Amino acid sequence: MSLIDREQGAASVPAGPPSGGRPTGPTVADVIRAVTTGALPIRITGYDGSAVGPADAGITLAIHSERGLSYLLTAPGDLGMARAYVSGDLGMEGVHPGDPYEAFKVLKDSLHLRLPSVGEALALVKGLGWERLMPPPPPRQEAAPRWRRLVGGLRHSRFRDSSAISHHYDVSNAFYEKVLGPSMTYTCAVFHSPDDTLEQAQRAKYDLVAGKLALKPGMRLLDVGCGWGGMVRHAAREYGVKALGVTLSRAQAEWAQAAIERDGLGDLAEVRHLDYRDAPREQFDVVSSIGLTEHIGVRNYPAYFGALRSRLKPGGRLLNHCITRADNRAPHRSGAFIDRYVFPDGELVGPGRLISEIHDAGLEVHHEENLRQHYALTLAGWCRNLVENWDFCVGEVGLGTARVWGLYMAGSRLAFERNEIQLHQVLATQNGPQGVNGYPLRPDWMP
């Protein structure tokens with residue numbers, strides 16, 4: 001089926017060449033030939049009736065309008081394609097909009113781009129018209145570029161962090177319920193078998209975190225960046241722990257607190273709409289951070305881990321769970337698509353840098369593990385949910401936003417599978433006097 005169904009308000013263009021025969025200028029097919037090399041693994045069709053690539057290709061990209069071509073020309077790469085796709089000016093046939101994973105694989109493996117020569121480029125632009133190099137306004141789903149976000153404060157200031165979190169998480173709780181499933185857990189699950197259901201795997205993740213933290217009845221847990229309160233509710237319900245979660249998303253906090261009351265956990269669990277920097281300064285037995293580190297900024301790591309350490313009792317444990325780069329040399333900032341459409345201001349580091357920062361904050365690291373393959377399976381499960389609930393999700397958040405999520409989750413799945421990004425859990429302790437940390441000689445949890 002088509003990945004793009006024209007939505008009302010999309011650019012209206014002729015399906016073929018204008019009356020009078022063949023266009024006099026370069027065709028869309030000419031442009032594609034100029035910027036690619038080798039045999040095309042897909043078919044690409046243009047609004048002018050031109051086409052290039054095998055007619056029997058399993059996947060077809062359809063450039064529906066001049067605006068779509070301008071998006072591709074003025075922002076080459078993933079940003080231009082995302083703009084054209086989200087706006088409805090670029091279509092894709094052969095995959096479902098909720099899970100374009102197979103298209104990503106083909107494009108990544110077999111589509112080879114090249115820079116045209118200066119002469120070729122000038123001839124194309126002259127033939128197409130210089131107006132094609134004027135960037136059209138981006139879709140409404142796109143966040144402002146980094147330089148324009150300065151009006152909201154410096155990167156990772158409180159207000160700007162709050163705006164970034166709201167851009168991603170305050171979409172629609174009903175949308176997230178369909179995509180994430182009953183657990184409402186938006187972090188990597190743990191699979192004992194690829195055949196595990198997503199719900200089984202999310203429960204296993206929470207049990208793994210609970211085991212690493214050695215949760216016992218009566219302990220006090222602080223969960224920073226708690227999302228919809230999954231860890232908070234699990235710790236209270238399954239382990240009798242008094243748990244407090246904090247999140248910068250007001251929509252998450254409201255949903256989580258309602259779920260706590262619905263489950264009858266109000267005497268043990270609570271979720272507050274708070275910045276992690278404003279979490280109570282009392283000391284907790286354990287602290288978990290599951291999916292927050294990606295949002296706080298690398299330069300803030302010392303203050304971040306210092307803040308978590310200051311809230312731990314001597315001998316208390318910290319479990320930090322976050323996405324990382326595959327190595328320590330990769331750039332911290334995300335690519336244009338992720339930054340503009342998914343996680344504004346998000347930053348990742350390699351696992352070595354992450355562990356060093358935890359050590360340098362005065363915590364002692366005892367264990368770490370990479371759950372990269374588990375995140376690929378998790379994303380596959382979320383994409384299945386989006387496919388199964390596509391009509392509801394489109395009705396809830398709109399076609400453009402639903403397309404963003406299909407792109408983002410399918411692309412991220414491929415990145416985890418190919419070791420471009422990873423997911424690391426790091427377990428550390430806040431040591432007491434003379435190095436006493438209460439940690440056993442061997443791990444006291446089931447792997």
Side-chain angles (χ1 to χ4, degrees), residues 1 3-4 41-42 58-59 61 77-79 81-82 85-86 92 94-111 141 168-169 171 175-176 178-181 183-202 204-205 227 290-291 294 321-327 330 334-343 346 348 351 369-390 393 397 401-425:
M1 65 175 293
L3 184 57
I4 301 286
I42 59 173
I59 294 169
L61 293 182
D78 62 351
L79 182 59
M81 289 191 70
Y85 176 58
V86 171
M92 197 181 304
V95 290
H96 190 282
D99 189 8
Y101 169 78
E102 294 298 331
F104 270 101
K105 283 205 303 183
V106 171
L107 292 171
K108 191 171 184 65
D109 291 342
S110 304
L111 182 65
Q141 290 83 3
H168 187 69
Y169 293 104
V171 175
F175 171 83
Y176 280 111
K178 295 297 185 183
V179 174
L180 304 181
S183 73
M184 279 293 273
T185 300
Y186 186 34
T187 48
C188 175
V190 172
F191 292 78
H192 294 292
S193 162
D195 297 327
D196 289 351
T197 67
L198 186 57
E199 289 304 300
Q200 288 171 328
Q202 291 293 10
K205 184 269 298 297
I290 307 174
E294 300 91 331
H321 166 124
C322 71
I323 301 170
T324 72
R325 299 294 186 199
D327 62 64
S334 56
F337 168 67
I338 294 294
D339 182 66
R340 298 286 190 91
Y341 284 89
V342 186
F343 292 116
L348 305 177
E369 69 174 306
N370 182 6
L371 299 174
R372 171 178 69 82
Q373 294 160 288
H374 296 259
Y375 218 152
L377 292 170
T378 304
L379 286 154
W382 291 339
C383 281
R384 283 193 298 271
N385 287 345
L386 181 55
V387 169
E388 292 171 4
N389 297 284
W390 180 253
C393 289
V397 301
T401 298
R403 288 177 182 143
V404 168
W405 277 82
L407 283 179
Y408 149 59
M409 294 193 299
S412 296
R413 173 187 171 187
L414 190 62
F416 278 107
E417 286 180 346
R418 301 194 172 185
N419 197 31
E420 295 170 7
I421 47 178
Q422 300 176 347
L423 187 289
H424 285 263
Q425 282 191 353

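Since the model is a prediction, treat every value here as computed from it, not as a measurement.
Residue-environment remark: CD (Gln373) stays at or below the threshold of 12 foreign heavy atoms within 6.0 Å.
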Worked verdict on Leu348 versus Thr324 for side-chain contact (heavy atoms from CB on, under 4.5 Å): CA-CA 5 Å; Leu348 305 177; Thr324 72; 5.7 Å; no

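Shortest non-hydrogen contact noted between Pro351 and Arg325 is CD-O, 3.3 Å. Nearest heavy-atom pair across Cys383 and Met409 is SG-CB, 3.6 Å. Across all non-hydrogen atoms, the minimal contact from Lys178 to Cys393 is CB-SG, 4.0 Å. Minimum heavy-atom separation, Gly291 to Thr187: CA-CG2, 4.2 Å. Nearest heavy-atom pair across Leu371 and Cys188 is O-SG, 3.8 Å. Closest non-hydrogen pair, Asn385 versus Asn389, comes out as O-ND2, 2.8 Å.
Applying ring pair (Phe, Tyr, Trp, His ring centres under 6.0 Å) to Trp405 and the options Tyr341, Tyr186, Trp390, Trp382 leaves one that passes, Tyr186. Just one residue in the list Ile59, Leu414, Ile42 forms a side chain to side chain contact (heavy atoms under 4.5 Å, CB included) with Leu107, and that residue is Ile42.
Residues Thr185 and Lys205 have side chains that never bring a donor and an acceptor to within less than 3.5 angstrom of each other.
Note that the OH atom of Tyr375 and the CZ atom of Phe191 stand 11.0 Å from one another [nearest 0.5 Å]. Here the straight-line distance linking atom CZ of Phe104 with atom CD of Glu417 works out to 12.5 Å at 0.5 Å rounding. Distance CZ/Arg403 to CG/Leu386: 12.5 Å, rounded to 0.5 Å. Once rounded to the nearest 0.5 Å, the distance linking CD of Gln422 with CD of Glu369 reads 12.5 Å.
A salt bridge links Arg418 with Asp109: at least one charged nitrogen is closer than 4.0 Å to a carboxylate oxygen. A salt bridge links Lys108 and Glu420; the closest N-O separation between the charged side-chain nitrogens and carboxylate oxygens is under 4.0 Å.
For the pair Leu377 and Asp196, the minimum side-chain heavy-atom distance is 4.5 Å or more.
Looking at residues two or more places apart in sequence or on another chain, you find no side-chain hydrogen bond (donor to acceptor under 3.5 Å, both in side chains) involving Arg384.
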